[in-house]
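The next block holds one structure in the form of structure tokens; read it before the comments.
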Amino acid sequence: MASVYLLLAFALGTVAAYTGLDLPPGPYCGITSDCCENRKDSCSHKILDTLCYCDEFCDLNRAHDDCCPDYLPVCRNQTIAPALIVEPCRYDRQTYLPGQSYTENCNECECIQDPVSKATSWSCKQDVCLMSDDIVYGVNQPGHTWRAANYSEFYGKKLADGLKYKLGTLPLSAVTKRMLPIDYDKNIDYPQNFDARRRWPRFISPVVDQGWCGSDWAVSIASIASDRFAIQSNGAENMVLSPQTMLSCNLRQQQGCGGGNIDVAWNFAGTHGFVDEKCFPYKASVTSCPYARRGDLLRDGCPPADPRRTSRYKVGPPYRLKKEKDIMFDIMDSGPVQAVMTVYHDFFHYRDGIYRRSRYGDNQLQGLHSVRIVGWGEDHRDKYWIVANSWGTQWGEDGYFRIARGSNESGIESFVVAALSDVIMANART
């Protein structure tokens with residue numbers, strides 16, 4: 001019986017001449033080295049859209065036989081030049097010829113042949129993948145306050161791409177970092193648990209899926225402005241504002257799906273304003289802007305929620321919050337706020353629980369992410385923030401996550417900002 005060495009059809013060009021067929025080289029008979037005396041289904045292998053065989057009916061004199069391309073060297077001990085044979089690469093019980101490849105998670109491995117020794121080996125890319133079984137296994141061991149999972153949407157993606165296209169907040173400028181926080185210093189009793197979704201069940205906008213677009217800066221601000229318009233107008237201006245307004249129209253100093261500056265974005269929200277989601281649906285890509293820089297909803301063709309409104313939905317000057325209780329007071333008084341946090345590799349795997357950065361994953365790569373804090377709570381004296389992400393409702397706790405509160409976990413409390421919505425005054429809260 002011949003060895004499992006296979007013909008390189010692309011180099012040899014003689015398999016077709018021997019068999020009268022123009023077929024890929026396989027391996028076929030060489031997979032099991034099984035050759036039969038009679039025509040049997042067990043001696044066949046799938047090739048293209050039919051079968052090839054490894055039995056004695058494969059006669060050299062037949063002009064149109066259906067032998068497998070490697071029938072001669074495997075079943076007939078056909079002698080071939082050593083330079084024209086090669087040991088295939090093997091992976092997961094499969095064999096691969098030079099030039100063939102397989103993909104595992106986000107990396108491709110190609111079978112290559114050394115030009116001198118003719119030996120074959122795998123050449124694999126070494127990119128860090130977004131999804132990691134090691135992270136899931138490690139985090140799910142006892143001793144952690146949260147559970148991890150792999151998400152099919154993220155499988156096959158690179159961590160570098162996740163940090164770019166599932167986040168989007170560009171590094172804060174030195175001026176923005178020096179922004180002085182408001183000091184409420186309220187001497188009041190704060191509830192142990194507070195959730196804006198329960199306090200204002202009709203006014204909190206739904207979780208958005210930003211898609212593979214680094215638009216968290218636009219999504220978070222539009223969501224917060226939506227919530228605050230509804231809350232501060234007692235429901236008179238209750239609508240979901242469009243992050244596409246920012247993504248398509250706020251182009252100066254911004255990079256669209258490549259990321260955005262939140263200070264520039266907040267300024268845009270105050271000067272240009274939003275239209276609602278129904279008027280300009282979110283596309284997860286930069287489209288042409290249909291609105292003039294200075295305009296109003298009527299000329300934009302976007303009927304307002306309150307018929308007395310003509311201007312777009314704008315916000316006042318943004319302000320910073322730094323102390324834990326100041327953040328809590330502002331949420332309880334005016335609605336959700338924006339926080340800029342650092343995202344590490346393991347965060348993409350969050351399933352449920354109270355997130356704390358683990359030691360698992362590649363923590364050399366990280367990025368900034370703008371999210372919406374909607375409340376807080378405490379679980380057996382373990383304090384946490386309730387935060388809306390922008391990766392859809394299939395991720396985390398129906399699109400939300402909880403993260404440790406009071407310890408600046410992942411920088412969640414390092415830069416928190418909000419703004420009052422410019423509601424129709426007659427509808428504002430008294």
Side-chain angles (χ1 to χ4, degrees), residues 1-127 129-133 150 152-158:
M1 187 63 64
S3 72
V4 294
Y5 285 104
L6 303 177
L7 281 170
L8 284 174
F10 53 83
L12 184 61
T14 55
V15 172
Y18 287 148
T19 64
L21 296 174
D22 184 15
L23 299 173
Y28 301 101
C29 304
I31 294 177
T32 59
S33 298
D34 185 19
C35 301
C36 303
E37 294 183 358
N38 300 305
R39 180 57 54 93
K40 298 179 180 179
D41 289 342
S42 61
C43 275
S44 65
H45 300 273
K46 187 168 181 60
I47 180 169
L48 300 180
D49 58 351
T50 185
L51 296 176
C52 69
Y53 292 87
C54 300
D55 56 45
E56 64 182 8
F57 283 82
C58 292
D59 192 322
L60 293 178
N61 295 323
R62 294 177 63 188
H64 301 288
D65 64 13
D66 49 4
C67 303
C68 294
D70 60 351
Y71 169 76
L72 290 177
V74 173
C75 297
R76 293 297 191 193
N77 293 314
Q78 177 77 36
T79 301
I80 56 177
L84 298 176
I85 60 177
V86 61
E87 178 75 16
C89 299
R90 303 181 187 279
Y91 174 76
D92 194 25
R93 299 183 181 181
Q94 299 291 323
T95 54
Y96 299 79
L97 293 175
Q100 295 180 323
S101 62
Y102 73 89
T103 300
E104 184 174 20
N105 203 338
C106 70
N107 287 309
E108 182 181 61
C109 292
E110 181 182 1
C111 180
I112 62 172
Q113 182 182 31
D114 185 273
V116 177
S117 69
K118 305 302 180 182
T120 56
S121 62
W122 287 113
S123 175
C124 299
K125 295 181 179 179
Q126 299 297 324
D127 291 309
C129 299
L130 189 56
M131 291 290 95
S132 165
D133 291 336
N150 279 324
S152 58
E153 178 193 359
F154 296 166
Y155 194 81
K157 304 289 187 180
K158 299 175 183 178

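Along the sequence shown, the residues carry numbers beginning at 1.
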List the residues meeting side-chain contact (heavy atoms from CB on, under 4.5 Å) with [X], not counting sequence neighbours, and say none if there are none.
X	result
S44	L51, Y53
D114	V116, S117
T103	E108

Run the side chain to side chain donor-acceptor pair (under 3.5 Å) test against [X] and tell me which residues pass, sequence neighbours left out.
X	answer
K157	none
N107	none
N105	none

Distance from [X] atom [atom1] to [Y] atom [atom2], nearest 0.5 Å?
X	Y	atom1	atom2	result
E87	K118	CD	NZ	15.0 Å
C109	Q126	SG	CD	7.5 Å
M131	Y155	CE	OH	10.5 Å
K158	K125	NZ	NZ	5.5 Å

With sequence neighbours excluded, residues passing ring-ring contact (aromatic ring centres under 6.0 Å, His included) with Y91: Y102

Donor-acceptor pair, side chain of W122 and main chain of R90, under 3.5 angstrom: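 Here the side-chain-to-backbone pair exists.
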
Worked verdict on L97 versus C111 for side chain to side chain contact (heavy atoms under 4.5 Å, CB included): CA-CA 6 Å; L97 293 175; C111 180; 5.9 Å; no

P98 and T120, any side-chain heavy atoms less than 4.5 Å apart: yes

SG atoms of C43 and C54 less than 2.5 angstrom apart: no

Shortest non-hydrogen contact between S101 and E110, atoms and distance: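 Smallest heavy-atom distance, with atoms named: CB-CA, 3.8 Å.
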
Residues forming a salt bridge (Lys or Arg N to Asp or Glu O under 4.0 Å) with D133, sequence neighbours excluded: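 For D133, no residue satisfies salt bridge (Lys or Arg N to Asp or Glu O under 4.0 Å) once neighbours in sequence are set aside.
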
